[in-house]
S.K.: 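Please see the structure below; I have some questions.
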Amino acid sequence: MKWIAAHPYGFSLALLAVLLAASVAVGSVFISPTVMGALFQARLGGQPLTAALQPMDTILFTLRLPRAVLALLTGAALAGSGAAYQGLFRNPLADPYLIGVASGAGLGAVAAMSVRWPYTFWGLMVIPLAAFAGALVTVAVVLFLAKVQNSLPASNLILAGVAVSSFATALTSFWMLRSTGEVRRALVWLMGGATQSGWQPVAAVLPYIGVGLTALVLLGHSLNVMQFGDEQARQLGLRVERVRALVIAAASMTTAAAVAFAGIIGFVGLIVPHVVRLVWGGDYRRVIPLAVINGASLLLMADMLARTVIAPQEIPVGILTAMAGAPFFLWLLRRSRQQFSW
Amino acid sequence: MLTVEGLSVSYGEKTVLQQVGFHLAAGQVLAVIGPNGAGKSTLIRALSGVLPVRGGAVRLDGRDLRQYSEVERARRIAVVPQAVNLPAAFTVWETVLLGRTPHLNWLGQLTAKDEDIARWALERTDTQALAGRPVNQLSGGEQQRVLLARALAQSAPVMLLDEPTAHLDLQYQLSLLELVRELAHQEKLAVLVALHDLNLVSRYADKVALLAEGKLCALGRPGEVLQADVLTRAYRVPLQVLALGGGLPPVVLPAG
């Protein structure tokens with residue numbers, strides 16, 4: 001425990017590496033470390049593969065690795081943007097799922113898919129943009145509803161988030177029910193977790209999540225200053241409106257990209273930042289990058305379980321994160337009541 | 001240093017400061033007194049750029065305050081707010097380092113010089129021993145000193161304090177104001193401090209501004225402003241000022 005507390009990045013990166021290796025090794029066919037080493041050597045060194053290894057190569061590089069990377073990016077995006085929302089709103093319950101941003105992004109994504117089934121590269125690039133628009137509209141509505149003068153009470157934020165989120169989800173369901181053919185596939189897409197295969201979704205999602213998370217990591221110091229409230233932040237020379245706009249834009253874009261390709265996955269954005277703060281303290285210059293890394297780990301683990309627990313059937317990742325996340329969150333809530341105030 | 005001319009500030013339709021003017025020099029402590037709602041906090045919020053200036057002008061080193069960017073202004077004017085609702089996440093050391101915010105690059109990277117200045121601010125306010133403690137677990141007096149240290153770390157020639165003694169025991173009130181006066185005189189800071197306890201004013205202020213209903217009623221040395229008739233009019237309650245002699249500051253008491 002002490003070692004973990006003293007080595008935040010060492011521990012988090014090691015955990016991520018182990019889970020990534022495990023995640024691509026485990027499945028209907030087990031790929032041993034030796035075989036995996038040989039496959040990577042062959043790819044990187046450009047040597048021809050033996051016939052026996054050929055199917056392994058396909059499983060690793062066109063099925064498991066892209067799926068693992070997509071899960072990793074999704075977890076990183078949800079946890080990183082959750083940490084940023086929590087810091088910005090100074091509210092421990094601000095999670096992309098609870099405040100409705102994820103549902104808004106889902107609605108945006110489905111709306112775009114209903115125009116035309118987008119399985120081409122440029123089509124895929126447009127989905128996150130539509131989700132982003134949906135997320136921004138949702139965040140604006142939720143903030144408008146929850147705001148009391150200049151403060152943002154936790155209860156209001158959650159109530160407005162739940163209401164707007166339910167509304168967006170209802171619209172999404174209705175839309176999908178009414179439409180025929182192509183959009184029905186969106187249902188599978190949206191609820192199925194990271195089930196798209198191949199590298200195309202990874203390539204489509206990477207620029208949005210990469211840019212968004214980089215921006216959030218760079219905003220760590222500003223988020224620290226914001227913890228003292230808008231007025232003090234301004235007196236310390238912070239351009240508060242600009243920081244707020246940047247954080248909302250970056251976090252919403254990141255969430256939207258994750259939702260557009262992995263569906264709505266709850267609790268990752270809530271729990272990972274909580275645990276990070278509990279173990280390594282509340283300095284946002286560390287909270288955000290550590291939430292990003294550990295969010296990636298959590299979703300890799302969830303995805304691995306989703307594929308293996310009742311194999312060959314798959315459980316949608318969102319169900320797993322909710323089943324593990326909700327009780328954990330309640331435990332955290334009870335515990336934190338005496339331990340730290342917000 | 002800081003010149004205020006005909007300053008007016010309003011919240012929406014309501015004018016809360018009207019035609020206020022004074023000058024604050026380096027090395028000087030100006031106490032702003034007046035009943036609750038007189039506009040003391042509003043004045044500090046306007047001078048620190050949180051509220052817009054509606055009429056008149058605030059000049060800092062001869063230049064209009066509105067021409068300064070947020071960062072430029074924060075390098076020249078530091079504010080010590082009341083110590084309420086401090087976040088749980090930060091230690092004293094981290095809190096004081098945040099005072100360096102207007103001097104950092106856009107990534108918020110701290111240099112050895114920033115840490116030296118923060119360390120100096122801790123020493124100056126006698127809070128080194130608290131450096132590793134979470135700031136929300138300190139007593140009110142300690143928190144107020146930490147916020148003073150944060151303002152000092154801002155390296156600004158002007159310091160504004162908003163009723164820093166409001167929730168403190170008497171001993172902490174005295175030691176805090178003693179420290180503020182010492183800093184003003186030794187570090188040549190221009191200090192404006194809003195105070196509600198009239199009996200602390202003449203002890204620690206070089207100059208006093210009396211506000212009532214958003215207007216400046218009196219401005220001058222403590223002896224000139226702390227007059228029974230002036231105070232009675234501003235506070236709307238009969239007050240008397242007793243001279244104690246022997247070099248002791250006068251005492252303000254209800255009359256009769």
Side-chain angles (χ1 to χ4, degrees), chain A residues 83 86-92 149-153 214-244 246 273-274 276-291 336-342, chain B residues 11 41 44-51 68-91 93-110 114 132 134-137 146-147 150-151 153-156 158-160 162:
Chain A
Q86 286 163 26
L88 182 69
F89 299 139
R90 287 188 287 144
N91 191 320
Q149 284 166 343
N150 278 321
S151 70
L152 199 64
T214 306
L216 292 179
V217 167
L218 296 180
L219 284 161
H221 175 79
S222 299
L223 283 171
N224 278 346
V225 181
M226 296 280 280
Q227 298 315 300
F228 286 84
D230 287 6
E231 191 163 319
Q232 289 185 44
R234 220 165 259 144
Q235 288 163 344
L236 285 166
L238 199 74
R239 294 175 182 88
V240 171
E241 280 74 23
R242 204 173 71 172
V243 169
R244 187 178 292 132
L246 278 173
H274 259 288
V276 166
R277 267 193 298 258
L278 220 56
V279 180
W280 293 299
D283 182 340
Y284 277 92
R285 286 171 305 173
R286 288 216 284 201
V287 169
I288 293 187
L290 289 172
S336 66
R337 211 177 290 157
Q338 315 114 25
Q339 292 234 335
F340 49 83
S341 56
W342 283 84
Chain B
Y11 290 118
S41 293
I44 286 177
R45 298 177 77 204
L47 295 181
S48 61
V50 173
L51 285 177
Y68 287 82
S69 72
E70 290 90 338
V71 172
E72 285 177 319
R73 191 190 58 230
R75 283 180 186 170
R76 287 170 180 80
I77 301 181
V79 180
V80 180
Q82 286 188 21
V84 284
N85 284 333
L86 296 184
F90 302 111
T91 63
W93 173 240
E94 289 164 339
T95 304
V96 173
L97 274 176
L98 287 180
R100 298 302 298 161
T101 298
H103 301 276
L104 304 181
N105 63 15
W106 62 280
L107 286 174
Q109 281 169 321
L110 294 159
D114 293 311
V135 77
N136 72 325
Q137 286 174 17
V146 170
L147 291 179
R150 190 183 73 184
Q154 229 168 306
S155 304
V158 179
M159 188 185 283
L160 314 175
D162 190 5

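Since we're looking at a predicted model, the values are computed, not measured. Letters go in sequence order (proteins before strands), and every chain restarts at 1.
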S.K.: If you look at every heavy atom in A:Leu236 and B:Leu98, which pair is closest and at what distance?
M.R.: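 Where A:Leu236 meets B:Leu98 most closely, the heavy atoms are CD2-O, 3.8 Å.
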S.K.: Search all heavy atoms of A:Asp283 against all heavy atoms of B:Phe90 and return the closest pair with its distance.
M.R.: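 That would be CA-CE2, 4.3 Å.
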S.K.: Less than 4.5 Å to any heavy atom of chain A: does that hold for the side chain of B:Arg100, its backbone, both, or neither?
M.R.: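 Contact with chain A involves no heavy atom of B:Arg100 at all.
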S.K.: Contact part of B:Leu86 toward chain A, heavy-atom cut-off under 4.5 Å: side chain, backbone, both or neither?
M.R.: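 Just its side chain gets close to chain A.
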S.K.: Would you list the pairs meeting salt bridge (charged side-chain N to carboxylate O under 4.0 Å, His left out) in which at least one residue belongs to residues 68-77 of chain B, sequence neighbours left out?
M.R.: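 As it turns out, the salt bridge (charged side-chain N to carboxylate O under 4.0 Å, His left out) pairs with a partner in residues 68-77 of chain B, which skip direct neighbours, are A:Arg239-B:Glu70, B:Arg63-B:Glu72.
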S.K.: Kindly compute the distance separating CZ (B:Arg45) from CZ (A:Arg234), expressed to the nearest 0.5 Å.
M.R.: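 Spacing of CZ (B:Arg45) from CZ (A:Arg234) equals 9.0 Å.
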S.K.: Counting only non-hydrogen atoms closer than 4.5 Å, does B:Ile77 touch chain A with its backbone (N, CA, C, O), its side chain (CB onward), both, or neither?
M.R.: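 Contact with chain A: backbone only.
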S.K.: Contact part of B:Leu110 toward chain A, heavy-atom cut-off under 4.5 Å: side chain, backbone, both or neither?
M.R.: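 Side chain only.
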S.K.: Is any side-chain heavy atom of A:His221 closer than 4.5 Å to a side-chain heavy atom of B:Thr101?
M.R.: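 Yes; the side chains approach each other to less than 4.5 Å.
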S.K.: Using the test side chain to side chain donor-acceptor pair (under 3.5 Å), find all partners of B:Ser48 that sit at least two apart in sequence or belong to another chain.
M.R.: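 Side chain to side chain donor-acceptor pair (under 3.5 Å) list for B:Ser48, sorted by chain: A:Gln235.
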S.K.: Which is it for A:Gln232 and B:Arg150 under the side chain to side chain contact (heavy atoms under 4.5 Å, CB included) test, yes or no, and what are the steps along the way?
M.R.: CA-CA 11 Å; A:Gln232 289 185 44; B:Arg150 190 183 73 184; 2.7 Å; yes
S.K.: Would you tell me whether A:Arg285 and B:Gln109 have side-chain atoms, one donor and one acceptor, within less than 3.5 Å of each other?
M.R.: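 The answer is no; no qualifying pair exists.
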S.K.: Taking all atoms of both residues into account, what is the closest heavy-atom pair of A:Gly237 and B:Val71, and its distance?
M.R.: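 Looks like O-CG2, 3.5 Å.
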S.K.: I'd like to know whether A:Phe228 forms a side chain to side chain contact (heavy atoms under 4.5 Å, CB included) with B:Thr95, so could you lay out the CA-CA distance, the side-chain angles of the two residues, the decisive distance to 0.1 Å, and finally the verdict.
M.R.: CA-CA 9 Å; A:Phe228 286 84; B:Thr95 304; 3.6 Å; yes
